[in-house]
Amino acid sequence: MPELPEVEITKNELKKILLNKHVDEILINTNSLRIPIKKREIKQLERLKVIHISRRGKYILITFSNNYILLIHLGMSGRIVFKKKPFIINKHDHFALVINKKFFIILNDPRKFGLVDVCYKEDLFNCYHLKYLGIEPLTNGFSFQYLKKILSNRKSNIKNLLLNQRLISGLGNIYVCESLYESNISPFKIAKNLNKKQISSLCLNIKKILKIAIKSNGSSISDFKLPSGLLGNFQNKFKVYNREGKKCKNIKCKGKITKTTIGGRPTYYCCNCQKM
DNA sequence: CGTACGACCTGCCCGC
DNA sequence: TGCGGGCAGGTCGTAC
């Protein structure tokens with residue numbers, strides 16, 4: 001599921017139900033997701049109050065009253081699900097926070113590419129997970145100047161560069177494909193060869209698409225739902241993603257959307273509209 | 001240094 | 001109906 005918009009919305013829903021609540025109990029039903037789970041440390045968060053919930057890149061950060069922070073990454077197939085008692089453990093439920101003895105906040109992740117970790121507040125931005133994350137694309141710091149700087153001298157294609165979390169954090173395969181289409185830039189284009197107009201357009205379109213996706217409650221593909229069960233809507237607004245062979249959405253273009261592979265990942269684009 | 005590729009997992013969909 | 005192959009929203013380590 002989860003790129004920046006989906007993680008952002010999940011975080012917002014978590015805020016509504018979890019912020020300023022005491023966590024009665026933490027259930028751990030797994031030995032390992034992408035990294036081993038620190039059972040002892042995580043168990044020490046029981047009976048503490050959640051005082052802050054935020055997002056950094058694709059990580060959800062839950063701060064407890066002892067200043068320890070729970071980090072959650074949803075990987076490829078992870079979801080947060082809210083449930084009420086009686087709670088039945090489903091397949092791939094790895095982890096749950098229990099509040100008011102009857103509400104369960106569950107991490108379900110079939111492919112186990114996600115992770116749960118814990119970190120002391122003071123060490124947070126030096127911790128292994130967050131230390132190398134690049135800029136947040138929805139902040140003012142992500143500007144024409146910044147994008148120009150990180151593109152200069154890069155021989156990588158623009159698509160792989162945008163997926164690099166050390167440069168920009170939060171973009172994933174869907175939103176990179178969509179942003180490049182919206183900016184009329186070929187995913188194969190070498191990063192350092194983008195001209196000023198393209199850099200400017202790309203910067204604006206990344207922000208625009210992420211904002212629309214957040215407003216649309218994210219993309220619900222392969223059954224992704226918000227914790228509350230709500231479906232996202234941005235998948236209906238895809239212009240290239242999952243649209244192989246379909247008509248390009250540009251009225252002036254008679255071409256069809258092409259599917260190819262870049263860096264081992266499916267890549268959708270219009271070879272008429274998106275320029276090398 | 002940058003890039004390319006396989007590995008990590010499971011479920012689902014398609015074709016035979 | 002059942003099986004096998006290919007595919008999937010992410011990230012990391014290794015090899016060149």
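When reading the values below, keep in mind they use all heavy atoms of this one structure, side chains included, and skip hydrogens, waters and symmetry mates. First the proteins, then the strands, lettered A, B, ... as listed; each starts at 1.
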(message) Tell me whether A:R166 forms a cation-pi arrangement with A:Y132, defined as NZ or CZ under 6.0 Å from the six-membered ring centre and within 45 degrees of its axis.
(response) yes
(request) Establish, with yes or no, whether the OP1 or OP2 oxygen of C:dG10 is under 4.0 angstrom from a side-chain nitrogen or oxygen of A:Q165. (result) no
(message) Can a side-chain donor-acceptor contact be found between A:D109 and A:S77 if the only test is distance below 3.5 angstrom?
(response) yes
(message) Can you measure A:I35 atom CD1 to C:dG13 atom C1' for me and round it to whole angstrom units?
(response) 16 Å
(request) Tell me whether A:L71 is reachable from A:L133 by hopping between hydrophobic residues (I, L, V, M, F, W, Y) whose side-chain heavy atoms are closer than 4.5 Å. (result) yes
(message) So, OP1 or OP2 of C:dC7: does either fall under 4.0 Å of a side-chain N or O from A:K259?
(response) no
(request) Return the value, rounded to whole Å, for the distance between atom NE2 of A:H94 and atom P of B:dT10. (result) 9 Å
(request) Taking atom P in both B:dC1 and C:dT11, compute the distance separating them and give it to the nearest angstrom. (result) 22 Å
(request) Write down the distance separating the P atoms in B:dC9 and C:dT14, rounded off to the nearest Å. (result) 16 Å
(message) What is the distance, to the nearest angstrom, from the CG atom on A:L71 to the P atom on C:dT11?
(response) 14 Å
(request) Starting at atom CG of A:L130, determine the distance to atom P of C:dT11, rounded to an integer number of angstrom. (result) 12 Å
(message) Quick check on C:dG10: is either OP1 or OP2 less than 4.0 Å from any side-chain nitrogen or oxygen of A:K58?
(response) yes
(request) Round to the nearest Å and state the distance from A:R265 atom CZ to C:dT11 atom P. (result) 8 Å
(message) Can you identify which nucleotide, out of B:dG11, B:dT3, C:dG10, has its nearest atom closest to the A:N173 side chain?
(response) C:dG10
(message) Please determine whether a side-chain nitrogen or oxygen atom of A:H73 lies at a distance below 4.0 Å from atom OP1 or OP2 of C:dT11.
(response) yes
(request) Quickly work out the A:L107 CG to B:dC9 C1' distance and round it to whole Å. (result) 14 Å
(request) Determine whether A:L74 and A:L27 fall in the same hydrophobic cluster, where Ile, Leu, Val, Met, Phe, Trp and Tyr are linked whenever their side-chain heavy atoms lie under 4.5 Å apart. (result) no
(message) If I take atom CG in residue A:L74 and atom P in nucleotide B:dC9, what distance separates them, rounded to the nearest angstrom?
(response) 18 Å
(message) Under 4.5 Å between side-chain heavy atoms, counting indirect links through other Ile/Leu/Val/Met/Phe/Trp/Tyr residues: same cluster for A:L107 and A:I28 or not?
(response) yes
(message) Below the 4.0 Å mark, does C:dA8 have OP1 or OP2 next to a side-chain nitrogen or oxygen of A:R111?
(response) no
(request) Report which part of the nucleic acid A:G172 touches: base, sugar-phosphate, or nothing (heavy-atom distance under 4.0 Å, all strands). (result) sugar-phosphate
(message) Could you walk me through whether A:S54 and A:K11 satisfy the side chain to side chain donor-acceptor pair (under 3.5 Å) test, starting with their C-alpha distance in whole Å, then the side-chain angles of each, then the deciding distance to 0.1 Å, before giving a yes or no?
(response) CA-CA 7 Å; A:S54 61; A:K11 179 265 293 177; over 6 Å; no
(message) As a test of reading the structure: which of C:dG13, C:dG10, B:dG2 is closest to the side chain of A:M76, going by heavy atoms?
(response) C:dG10
(message) How many whole angstroms separate atom CG of A:L163 from atom C1' of B:dA4?
(response) 14 Å
(message) Partner lookup for B:dC13, please. Criteria are Watson-Crick or G-U wobble with both distances under 3.5 angstrom; report none if nothing qualifies.
(response) C:dG5
(message) Using OP1 and OP2 only, check whether a side-chain N or O of A:H129 sits under 4.0 Å from C:dT11.
(response) no
(request) Answer yes or no as to whether B:dC8 has its base stacked against A:F113, where stacking requires a ring-centre separation under 5.5 angstrom and planes under 30 degrees apart. (result) yes
(message) Counting the atoms with a prime plus P, OP1 and OP2 as sugar-phosphate, which does A:Y241 contact under 4.0 Å by heavy atoms, base, sugar-phosphate, or nothing?
(response) sugar-phosphate
(request) Would you indicate, yes or no, if B:dT10 has its OP1 or OP2 atom less than 4.0 angstrom from a side-chain nitrogen or oxygen of A:K91? (result) no
